[in-house]
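We use all heavy atoms of the structure for the numbers below, so side chains are in, but hydrogens, waters and symmetry mates are not. Proteins come first, then strands; the chains are lettered A, B, ... in the order of their sequence lines, and each starts at number 1.
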Protein chains: 2
Amino acid sequence: MPDSSQKTTPDLPLFRQIVEHIRSQINDGRLNAHSALPSERALAEDHGVSRMTARRALEAIEAEGLAYSEERRGRFVSPRRLTYNVNSMSNFVADAKQQNIDVEVELIESKEVTADTRLAELLTIVEGASIIERTRLFHSNDHTIFFETEFIAPDLCPDLRKHGSDELLTERYGTLGHTADIVVRMGSIKPTDAARLNVTPWQVGIEQEQIVKDRSGKAFCFVRQIWRGELVQFSTQAIENRES
Amino acid sequence: MPDSSQKTTPDLPLFRQIVEHIRSQINDGRLNAHSALPSERALAEDHGVSRMTARRALEAIEAEGLAYSEERRGRFVSPRRLTYNVNSMSNFVADAKQQNIDVEVELIESKEVTADTRLAELLTIVEGASIIERTRLFHSNDHTIFFETEFIAPDLCPDLRKHGSDELLTERYGTLGHTADIVVRMGSIKPTDAARLNVTPWQVGIEQEQIVKDRSGKAFCFVRQIWRGELVQFSTQAIENRES
DNA sequence: ACAAAAATCTGGTATATACCAGTAATTTGC
DNA sequence: GCAAATTACTGGTATATACCAGATTTTTGT
């Protein structure tokens, strides 16, 4: 005779039941953002299951974006998503401030490289031309939420070298761009990128590519962003089709 | 002394090596879109590893979007991504045709429901008001790539009842909408939704929400789409900030 | 020829165990 | 008191095994 005193959801796999248990703790606020989840071994003990089963539960929670893991440190509750309006060219940092989210920018790399075939085509410059490559990390609450690598053709943007200020180096190109063609897709985060975001390699994230154009419609900058997908959502606006 | 005859990438976990092996087969075209990957047991045999290790490899391939699985049938190679331009209100199906992708629409549910709190707020109608709810599947090559559930307030859209044609029921609202506020986010696919897409529950996908407005700026339709994230990318355009 | 039954194959779940390499807390030696 | 060494703990990888239930294929009986 089955025990009806315990109200277990019927037909739900063990590890799913554990997921639901933890999910409710997160939703109730018993587990706050960035606080540690129980370890695999502790969770196994608590629920009387094997470590592998507990691990499957925690991996599922991660996959859902409810938590993130830091290798050999533990798993932690994800903070709430921030919204990124891709429709305006406004500074992302300023945008975040309006949402009362504190974002810090850290320039981690800045070098001059030569354009490969793809970049040359995108920016309509000759292959092998000089390109400024800059990589910035974007933090919120001491956690990296995404990074971007931008490639700017200096010839196409003469103001750039003059404004060698810290501000321009760390902040976005801002007012320089007029329009940008953007592509957003889901994809797994490769080890190099994962290290920058301090997340587990190969977990799913969001990749964004921008081709920034000046007032004349000429592309002068290519940006590639890698986001921790569970921490962001993108907003945009569709407008009625103009005549074909 | 280590064996240098076999060129294994150093320090790469076993299951990652298997992933790379299969990845190369997919990229080379030895494995075509929708063709079956080796089963967990067969892969384990081939590489001389345990089934669990082979399984981890296949799960990783799935997580990367290189393949999808159908429960108790097998795993299959994902087709190439299609691009969805969220910036225009044009008919998605027509959009796909321009990319030479054949998309079929299947209306699977159509009913009249009452507005809950959230819907009432979004469409600025009273709670409990009548709402038309319709769910459509979008197929390409006999595979479901996404589905949408739309909620239309009939009072706000008097033309709707008249146009009870098959076309309007299966195709998009099309020219009715003027603008739409769109949000795109990553998230795990819940069992109900997974069943519609014929994918494994809880795998990561893309959720899109649209608030469709008419020429006067009044919201009259709410759309929720669930996408198989590995099969799509979203394109949009950013435009220079207008004066604040 | 054809339908029903059986066997096989598939992915999904679950356990128990083992070892590794970093992280973090504790203990030790001075 | 404090730095260094030790220990405990963490997630990551890997194996071997077992059973389930649906999907598919093969065999069987008529």
Side-chain angles (χ1 to χ4, degrees), chain A residues 8-22 34-63 66-77 188-189 191 194-195 197-203, chain B residues 8-22 34-63 66-77 142 188-191 194-195 197-203:
Chain A
T8 57
T9 316
D11 294 338
L12 208 58
L14 259 177
F15 79 96
R16 279 292 156 205
Q17 295 178 29
I18 299 175
V19 169
E20 294 312 316
H21 183 255
I22 295 178
H34 301 299
S35 67
L37 292 182
S39 73
E40 297 175 358
R41 288 163 176 90
L43 193 64
E45 185 95 3
D46 289 352
H47 287 79
V49 298
S50 73
R51 184 189 153 199
M52 288 310 290
T53 302
R55 181 181 171 77
R56 287 164 61 85
L58 289 167
E59 279 177 339
I61 287 166
E62 256 185 271
L66 287 169
Y68 60 95
S69 93
E70 292 185 21
E71 214 169 82
R72 295 180 191 92
R73 274 192 17 97
R75 290 185 175 84
F76 307 89
V77 179
S188 68
I189 304 178
L197 296 176
N198 197 25
V199 296
T200 312
W202 307 105
Q203 82 171 53
Chain B
T8 58
T9 316
D11 295 337
L12 207 60
L14 259 176
F15 80 95
R16 278 295 156 202
Q17 295 177 31
I18 299 176
V19 169
E20 294 312 315
H21 184 254
I22 294 178
H34 299 302
S35 66
L37 291 182
S39 74
E40 296 175 358
R41 289 163 177 89
L43 194 63
E45 184 94 5
D46 289 353
H47 287 80
V49 297
S50 73
R51 184 189 155 201
M52 288 309 291
T53 302
R55 182 182 170 77
R56 286 166 62 85
L58 289 166
E59 279 177 339
I61 287 166
E62 257 186 271
L66 287 169
Y68 59 95
S69 91
E70 292 186 20
E71 214 170 82
R72 296 182 190 90
R73 274 195 13 98
R75 291 185 174 86
F76 307 90
V77 179
D142 294 323
S188 68
I189 304 177
K190 281 158 199 49
L197 297 175
N198 197 25
V199 296
T200 313
W202 307 103
Q203 81 170 54

Length of the CZ-C1' vector between Arg55(B) and dT10(C), whole Å: 11 Å

Interatomic distance, Leu37(B) atom CG to Glu62(B) atom CD [nearest 0.5 angstrom]: 9.0 Å

Rounded distance (Å) that lies between atom C1' of dG11(C) and atom CG of Leu37(B): 13 Å

Which whole-number value in Å describes the distance from Glu59(A) CD to dG11(D) C1'? 10 Å

Take atom CZ of Phe76(B) and atom P of dA23(D), then tell me their distance rounded to the nearest Å. 13 Å

Please report the distance, rounded to the nearest Å, between CZ in Arg75(A) and C1' in dT10(D). 9 Å

Glu70(B) side chain to Asn198(B) main-chain N or O, any donor-acceptor pair under 3.5 Å? no

Rounded to whole angstrom units, what separation is found between the CD atom of Glu70(A) and the P atom of dG12(D)? 11 Å

Spacing of OG1 belonging to Thr200(B) relative to CZ belonging to Arg75(B), to within rounding of 0.5 Å: 7.0 Å

To the nearest 0.5 Å, how far apart are CG in Leu66(A) and CG in Leu58(A)? 11.5 Å

Mind calculating the distance between CG (Asn198(B)) and P (dG22(D)) to the nearest angstrom? 15 Å

Roughly how far apart are Glu40(B) CD and Ser50(B) OG, rounded to 0.5 Å? 10.5 Å

May I have the distance from Leu43(B) (atom CG) to dT10(C) (atom C1'), rounded to whole angstrom? 14 Å

Could you work out which one of dT10(C), dG11(D), dT13(C) sits closest to the side chain of Ser39(B)? dT10(C)

Any ion pair linking Arg16(A) and Glu20(A) (charged N to carboxylate O, less than 4.0 Å)? no

Pairs: protein N or O with nucleotides 16-23 of chain C N or O, under 3.5 Å:
residue : atom : partner  : partner atom : Å
dA21(C) : N3   : Arg72(A) : NE           : 3.2

